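In what follows, a single structure is set out as structure tokens and then discussed.
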Amino acid sequence: MNTNVPVQNSLLRADAKLKTASVALEDFRGLVREKVIYILSVNLEGMGLAKRLRHLGFQVGGFVDSRYKKNIDGLPVFGLDAFFNSSDTPNRVLIVATKDRVWKQKSLERAIGSGYVRGANLFTPLDLCPYFPTIEIAGKCNLVCKTCDMGLPGANKGRGHMSKETFRKVLEKLTSEIPFLNSVALYTWGEPLTNSDIAEIIKIANKMGVATEVSSNLESHKHLDEFVLAEPEQIVAPCAGIGERYERGRTGGTWDNYLKGLRRISELKKKHDLNISLRIMYHIYKDNLDSDYDEIQKIAKELGFQVIPILAHLFPGQVFRHAVSGQNIPEVMREAEQNLVFGLNDQLRFAQARKDKPCHIMQAFPTIAWDGRVLHCCNMQTPFVGSRRYLDAPLDEFIAIRDRSAFCTKCMDVGVHRFFDVNIKLQEGENGREVIRL
Ligand code: SF4
Ligand code: SF4
């Protein structure tokens, strides 16, 4: 893929440009030949890669992950010792797909120590596919969360859904332009379960060997069963506390519907033995990190969800305008700010201290909106990249236009790209549970 378009403005930051893949499909075929590919770590990226590689005709021998005993997606899972002690290394290719930085480094070192050679028979998914695209299948939301741009007055106006026919065309183009595309997120600003085509959309992705991740507020259950039965790889269900605190954070949503949704997903997964990873992204506010958090852990354990605590925060589009042009933060977001663990200015100071660091979400490109336009940033509702729709121009053209834009440079120069650093850990302190920003 050629993205060597000259940068026209010397003030653009070099780290505001997209990274491209180092190994092309045909080169990879040449390296793999008759060898069998193994993938270290059963996670969304690993499962997606296995699916996509098999779709492209490669031989995938299984996963390497000591946490799992049973087969995943019809593939065997080997423990690390069994895999690395095998004498079959010359006939194998290993892709280390683990996300954890320390674990990834250790795994690569162990692989090299066992005879694997980086770039010859040892890869990471980023060598093959540096992009994490999003296809927004629903542009409208049924909630009005106060921290989110969709909670602003009139946010749904003029927005709609992507049809299954358009989705198919978009994914066909995307997989031809990014052959190792292993997973795609199906959400940005709307609620995917309000799209009546959702089950068909997931089936289309499954047929093309692309794993899907869907985040849903679980308020609407009309298409819930068919959605779960279509078997997306990952379902994420954000939560903001129990009962009234849930309903405050997920404004317009009801705790009852959320809980019923969790239970139904879990029931269907068990009954049909579905291979779906289930996550609750738990948004931490000042007052939901003690008994509410314990309660959600209990519910999650019973229903087979993993809980990931993250900091609740204002979405960065309005913060960008505030930091770059001094625009006021909308009143409704100021209201929500009262319940945040760290207020806007505190979090901005925290982010600005990291302004020279890279942007974690930049490679989430392209983000294709419900109407086919391409968003510059997956976390902001504007700007769009150029004036053409994704189906009307090659991906290279969108990459070139976005890399010439000063938007990311402006964002990074005021540190807004690190404002949404929401990873935390909870720690027991003298005065109760404390939030440590990571
Ligand atoms: S956070 Fe999600 S559920 Fe809430 S308004 Fe925004 S898009 Fe809708
Ligand atoms: S957060 Fe900022 S730097 Fe990162 S992709 Fe979005 S606009 Fe660019």
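These figures come from a predicted structure and were not determined experimentally. Counting starts at 1 for both ligands and their atoms, following the listed order.
- Protein heavy atom in closest approach to atom 8 (Fe) of ligand 1: Cys141 SG, 2.3 Å.
- At least one N/O/S atom of Cys148, whether from backbone or side chain, sits less than 2.8 Å from atom 6 (Fe) of ligand 1.
- Protein nitrogen, oxygen and sulfur atoms, that is N, O or S, within less than 2.8 Å of atom 4 (Fe) of ligand 2 amount to 1.
- Looking only at protein heavy atoms, the nearest one to atom 2 (Fe) of ligand 1 is Arg250 NH2, 4.1 Å.
- When each of Thr194, Asn195, Asp371 is tested with His161 by the rule side-chain hydrogen bond (donor to acceptor under 3.5 Å, both in side chains), just one qualifies, namely Thr194.
- Minimum heavy-atom separation, Ala211 to Leu44: CB-CD1, 4.2 Å.
- Contact atoms of ligand 1 toward Trp189: 7 (S) (distance under 4.0 Å to a heavy atom of the residue).
- Side chain to side chain, Thr254 and Asn257 meet the donor-acceptor criterion of an N or O pair below 3.5 Å.
- Atoms of ligand 1 lying under 4.0 Å from at least one heavy atom of Asn217, given by number and element, are 3 (S).
- Electrostatic pairing of Arg29 and Glu26 counts as a salt bridge here, judged by a charged N lying under 4.0 Å from a carboxylate O.
- Within the model, atoms OH of Tyr390 and OG1 of Thr166 stand 13.5 Å from one another, a figure rounded to the nearest 0.5 Å.
- In this structure, Ser325 contributes its side chain and His322 its backbone to no donor-acceptor pair below 3.5 Å.
- Looking at Met150 and Arg159, their side chains come closer than 4.5 Å, going by heavy atoms from C-beta outward.
- Put simply, the residue from Asp421, Leu340, Val422, Leu438 that forms a side chain to side chain contact (heavy atoms under 4.5 Å, CB included) with Leu311 is Val422.
- Less than 4.0 angstrom separates some heavy atom of Met150 from each of these atoms of ligand 1: 5 (S), 6 (Fe).
- Annotation: atom 5 (S) of ligand 1 to nearest protein heavy atom, Cys145 N, 3.3 Å.
- Annotation: cation-pi geometry not satisfied between Arg389 and Phe384 (NZ/CZ under 6.0 angstrom from ring centroid, within 45° of ring axis).
- Counting heavy atoms under 4.0 Å from ligand 2, residue Phe407 touches it through the side chain alone.
- Between Phe315 and Phe420, the ring planes are tilted. Angles from 30° to 60° get that label.
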